[in-house]
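Beneath this line is the structure, given in C-alpha cells, with notes to follow.
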Amino acid sequence: MSTSSSANSLTITRPDDWHLHLRDGAALASVLPHSARQFARAIVMPNLKPPVTTTAQAAAYRERILAALPPGMDFEPLMTLYLTDNTPPDEIRRAKDSGFIHAVKLYPAGATTNSDAGVTALSKCYKTLEAMQEIGMPFLVHGEVTDPVVDIFDREAVFIERVMQPLRRDMPALKVVFEHITTKDAAQYVSAADGHVAATITAHHLLYNRNEIFKGGIRPHYYCLPVLKREEHRQALVQAATSGSPKFFLGTDSAPHPKGLKEHACGCAGCYTALHAMELYAQAFDQAGALDKLEAFASFHGPDFYGLPRNAGTITLQRETWTLPAEVPLGEASVVPLNGGESIGWKLA
Ligand SMILES: NC(=O)N[C@@H](CC(=O)O)C(=O)O
Ligand SMILES: [Zn+2]
Ligand SMILES: [Zn+2]
C-alpha cells in the first residue's frame, strides 16, 4: 500500500497497536471496540489480576476478548505471557506452539500497575530467557528500575545500565522490545543497538512533557508510567518516531482506569488513548512535519519486527476538528480519555 497524503487527508495501511491494555470483564467489553476500530491487531498486555502467566490462561483470555468483540468487527488479539521468577522454560515452548502467543512481558516487581507478581531479579529467569532466545520469542520490557533511591525521572535511564546492558551481553540473540520509551537515553540506546532490539512509543509521550501533569494544578489524567519527562526527552522521542528507523513503532499503552481511581488521593498510573489513538499520533507527526513517516511507524515496523504479515486494507485520517467526549463507559464506571472534553484536529474516517 502506498501513502497518499494531502494537506487534509492521509490514507495509510491499516495499523496495529504493539502495546495495549484491554483489561477484562465489563471493562474489556467497553474498551475493545475502540481499539478494534483503530487497529487490526494489538499486543495485549498480561497484567490482569491475577496475571496471565500460562499458555492456558492466555488461551482463556483470548477467548474472552474474541467473545467481547462486537459482531462485524475484525480484530486479532496477539497474546503475551507475564514473566515471573518461576516461569519454566517449558511454558515458553508451550506458548510458542500455541501460535497465538507472540511475546513474554517483563514487569519488574513493583514497577507499575499489577506488577506485584513480577520479576524480582532477572538472574532468576535466565533458563527461561535462554529458551526465548532459542525459539525467537520476543521479550517485552517495562524498562524501569524499582530501587527506591533512584529518582522516578531517572528510572528508565538507570534500567539501561543495570538491566538492559547485562541482558544484551548475556543474551545477544534475544529479541527485546523496550516498551513505551520516554527518554533520550532509551531512544539513543535502541538506535545504537543491533536489529534484535526495538522500542514502542506512545502518543502521549510524543505530545507532552512533564509540565502537562502540573499545568494549573495536578492533573491525574496525564499521569502514567514511565512518567512524562522533560521537553528534551519528548523531542528525542519525536525524532526517533519520525526518523524512519524500523526500530521504532507504535504502541499506545492505552491503560484505562476508572475515573474515580484516577481522580483520587493515590491516583492510578495510565492514560486512556484507545478511543482516539491514531488521531493523537497524526497530531504528533503533523506537528513534526512528518506525516509521511506515520505509515511505516504505525503499520510496517511492528509486523516486520514480530515476523508477522503487514495488514491489508487502509484507514483514512482527516484534518477535522471535533470534540472528544469528557468520559466514556468503563464497565459500570467511566474512564476519561486523554484530553477528554477538549478538541482534536484529526479524525479517523
Ligand atoms: N502505563 C501505565 O501507566 N499503566 C499500565 C501499566 C504499564 O504499562 O506500565 C497499566 O496497566 O495501567
Ligand atoms: Zn509498562
Ligand atoms: Zn502498558
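One-based numbering, in listed order, for ligands and for the atoms of each.
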ask   = What do we get for His142 next to ligand 1 when only non-hydrogen atoms under 4.0 Å count, side chain, backbone, both or neither?
value = side chain

ask   = For ligand 1, which atoms have a heavy atom of Arg23 less than 4.0 angstrom away?
value = 10 (C), 11 (O), 12 (O)

message = Taking the ring centre of each residue, are Tyr281 and Phe297 less than 6.0 Å apart?
response = yes

ask   = Contact between His257 and ligand 1, counting heavy atoms under 4.0 Å?
value = yes

inquiry  = Using a 4.5 Å cut-off between side-chain heavy atoms of Ile, Leu, Val, Met, Phe, Trp and Tyr, which other residues end up in the same hydrophobic cluster as Val177?
reply    = Trp18, Ile43, Met45, Leu78, Tyr82, Tyr107, Leu140, Phe249, Phe305, Tyr306, Leu308

ask   = Which atoms form the tightest heavy-atom contact between Ala40 and Asn311, and what is the distance?
value = CB-ND2, 3.4 Å

Close-contact set for ligand 1 against Cys224 heavy atoms, below 4.0 Å = 3 (O)

message = Counting only heavy atoms closer than 4.0 Å, does ligand 1 sit against the backbone of Asn47, its side chain, both, or neither?
response = side chain

query = If you measure from each non-hydrogen atom of Lys105 to ligand 1, which part falls under 4.0 Å: side chain, backbone, both or neither?
reply = neither

task = With 2.8 Å as the limit, jot down which protein N, O or S atoms are around the Zn ion (ligand 3).
result = His19 NE2, His21 NE2, Asp253 OD1

inquiry  = Please determine whether salt bridge (Lys or Arg N to Asp or Glu O under 4.0 Å) holds for the pair Arg162 and Asp147, giving the CA-CA distance in whole Å, both sets of side-chain angles, and the decisive distance to 0.1 Å.
reply    = CA-CA 11 Å; Arg162 292 196 193 166; Asp147 184 342; 3.0 Å; yes

ask   = In ligand 1, which numbered atoms sit nearer than 4.0 Å to a non-hydrogen atom of Ala255?
value = 4 (N), 5 (C), 10 (C), 12 (O)

request  = May I ask whether Met45 places a heavy atom under 4.0 Å from ligand 1?
outcome  = no

request  = Give the C-alpha distance, both sets of side-chain angles, the deciding distance and a yes or no for salt bridge (Lys or Arg N to Asp or Glu O under 4.0 Å) between Arg41 and Asp17.
outcome  = CA-CA 6 Å; Arg41 299 170 290 193; Asp17 184 350; over 6 Å; no

query = Counting from 1, what ligand 1 atoms have a heavy atom of His180 closer than 4.0 Å?
reply = 8 (O), 9 (O)

task = Could you establish whether His204 and ligand 1 come within less than 4.0 Å of each other, counting only heavy atoms on the residue side?
result = no

